[in-house]
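Take a look at the structure below.
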2 protein chains.
Amino acid sequence: MSKRYSAQKMMIENALKQLDHPTASEVYEYIRESYPNISLGTVYRNLGLMAEAGEILRIPSGDSPDRFDINAHEHLHVTCTKCGKVFDAESEKLEDVLKKIDRFLQESTGVYIEERTMLFQGVCSNCRKQ
Amino acid sequence: MSKRYSAQKMMIENALKQLDHPTASEVYEYIRESYPNISLGTVYRNLGLMAEAGEILRIPSGDSPDRFDINAHEHLHVTCTKCGKVFDAESEKLEDVLKKIDRFLQESTGVYIEERTMLFQGVCSNCRKQ
DNA sequence: ATAATAATAGTAACCATTACTAATAGATAG
DNA sequence: CTATCTATTAGTAATGGTTACTATTATTAT
Ligand SMILES: [Mn+2]
Ligand SMILES: [Mn+2]
Ligand SMILES: [Zn+2]
Ligand SMILES: [Zn+2]
């Protein structure tokens, strides 16, 4: 059938667990250390399929390459513009606020919201010290 | 000094007023009808500079090309996945909610938020009828 | 006018991502 | 088992939006 659990996919899953919100290239480089023949195309294809299936999260980023997240539960990301670190944000309170936005947008535009892309940028407390 | 108001920039501004959230290419094609020698690079450069200067808004879009908005006031965009139409959403109420998100993210991650990228997608009421 | 320098047109390069293709590996059936 | 079928891969080429480069043109300052 249409699902063969390849060794490569397993390695990609493992890389996602070891790395913090990595790009496809970072996953590729990580796997290459133990399995030098892995193909970048294979990494891209599997990451895309997994994101499509809802098994992982794709974090689009506009200018820089997309990042991926083993934590598939919907949550927000904040990126530091100085050091590039990615922070997670998640809470009941936040979910309520987001639902409120969905409802507002739906009422004011008539569009039934199916997907949101949200990315926040700023300077982290560590980088502010320097 | 560093600001020369070129005829090309004026044409780009005008195109932004005539078109609804156009891409750089759409601006380019629009201007080409009356001024065939305009360069796509010039359109990109000016749009980038204007967005940088806060004179216009850049709407990043992940997969598809970025769009631009003559309305520089911060507001949200909802795109219909069927017809591609872009809807504007703006209100006092919404601004309050967004400020609330900023404050929450700042408290929970320590990052001082300087920029937000938000894009919503769904199906518009018109497309739902079909 | 002359010189200095923004800005442009045209084109080449970039780079993340996708598409393509022949080879591989794992499942299926006899 | 052996032959066959097919999902997946490695390797590489192509894509497409965007940026970089460079010689030329247009605008400003002297
Ligand atoms: Mn995360
Ligand atoms: Mn708008
Ligand atoms: Zn930082
Ligand atoms: Zn629609």
Side-chain angles (χ1 to χ4, degrees), chain A residues 1-16 19 21-53 55-69 79 84 86 117 119, chain B residues 1-16 19 21-53 55-69 79 84 86 117 119:
Chain A
M1 308 304 160
S2 65
K3 206 146 210 179
R4 245 174 231 188
Y5 203 80
S6 70
Q8 286 86 344
K9 182 173 177 184
M10 206 159 15
M11 288 188 265
I12 291 169
E13 264 187 36
N14 181 251
L16 285 170
L19 304 168
H21 301 99
T23 63
S25 290
E26 283 165 0
V27 168
Y28 171 66
E29 292 300 341
Y30 179 85
I31 295 172
R32 231 146 66 102
E33 286 172 18
S34 58
Y35 182 71
N37 271 15
I38 185 94
S39 169
L40 181 56
T42 297
V43 174
Y44 268 105
R45 183 169 32 75
N46 277 297
L47 288 174
L49 288 172
M50 290 186 227
E52 193 77 16
E55 300 165 16
I56 64 173
L57 231 57
R58 176 195 293 269
I59 311 170
S61 172
D63 43 350
S64 48
D66 288 359
R67 299 188 163 276
F68 296 87
D69 194 335
T79 308
V86 178
T117 306
L119 183 66
Chain B
M1 303 309 159
S2 65
K3 206 147 213 181
R4 245 176 232 189
Y5 203 78
S6 70
Q8 285 86 344
K9 181 172 177 183
M10 206 160 9
M11 289 187 265
I12 291 169
E13 263 186 39
N14 180 250
L16 284 169
L19 304 169
H21 302 100
T23 64
S25 290
E26 285 165 359
V27 169
Y28 172 66
E29 293 299 342
Y30 179 85
I31 296 174
R32 231 145 69 99
E33 286 173 19
S34 58
Y35 182 70
N37 271 14
I38 184 93
S39 170
L40 180 57
T42 297
V43 173
Y44 267 106
R45 184 168 32 75
N46 277 297
L47 288 174
L49 289 171
M50 291 186 228
E52 193 79 15
E55 299 164 17
I56 64 172
L57 230 58
R58 176 195 294 269
I59 311 168
S61 170
D63 44 350
S64 47
D66 288 359
R67 298 187 166 274
F68 296 87
D69 194 335
T79 308
V86 178
T117 306
L119 182 66

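Residue numbers start from 1 in every chain, and the chains themselves are labelled A, B, ... in the order their sequence lines are given, proteins ahead of strands.
The ring-ring contact (aromatic ring centres under 6.0 Å, His included) analysis of residues 24-45 of chain B, with sequence neighbours excluded, yields no pairs.
Computed from coordinates, the A:Asp63 CG to D:dT18 P distance equals 11 Å when rounded to whole Å. Taking atom OH of A:Tyr5 as the reference point, atom C1' of D:dT9 lies 16 Å away to the nearest angstrom. Counting to the nearest Å, the C1' atom of D:dT9 and the CZ atom of A:Arg32 are 16 Å from each other. Residue A:Met10 contributes atom CE, which lies 15 Å from atom P of C:dA25 at whole-angstrom precision. Protein atom OH of B:Tyr28 is 15 Å distant from nucleotide atom C1' of D:dG16, rounded to whole Å. Spacing between atom NZ of B:Lys3 and atom P of D:dT27 amounts to 17 Å, rounded to whole angstrom units. As a whole-Å value, the separation of A:Met11 CE from C:dA25 P is 12 Å. Rounded to a whole Å, the CG atom of B:Leu40 is 15 Å from the C1' atom of D:dC21.
Scanning both residues, B:Pro22 and B:Val27, for their nearest heavy atoms gives CG-CG2, 3.7 Å. When every heavy atom of B:Pro60 is checked against every heavy atom of B:Thr117, the shortest pair comes out as CG-CG2, 3.5 Å. Taking every heavy atom of both residues into account, B:Ile56 and B:Leu47 meet most closely at CD1-O, 3.7 Å.
For A:Ser6 and D:dA7, the shortest distance from a side-chain N or O to OP1 or OP2 is not below 4.0 Å. Under 4.0 angstrom from either OP1 or OP2 of C:dA9 there lies at least one side-chain N or O belonging to B:Thr42.
Side-chain proximity of A:Gln8 to the nucleotides D:dA10, C:dT5, D:dG17 is greatest for D:dA10. Taking only side-chain atoms of A:Tyr44, from C-beta outward, the nucleotide of C:dA7, D:dT18, C:dT17 with the closest atom is C:dT17. Set against D:dT9, C:dT8, D:dG11, the side chain of B:Asn46 has C:dT8 as its closest nucleotide.
Across the interface with DNA chain C, nearest-nucleotide mapping of A:Arg45 and A:Ser25 shows A:Ser25 to be the residue nearer the 5′ end. Residue order along DNA chain C, read from the 5' end via each residue's closest nucleotide, puts B:Ala7 first among B:Ala7 and B:Gly41.
Between B:Tyr5 and B:Glu13 there is a side-chain heavy-atom pair separated by less than 4.5 Å.
Taking 3.5 Å as the limit, the base of D:dT27 and the side chain of B:Arg4 contain a donor-acceptor pair of atoms between them.
Residue-level contact check: B:Tyr35 touches the backbone only, with heavy atoms under 4.0 Å from sugar-phosphate atoms and none from bases.
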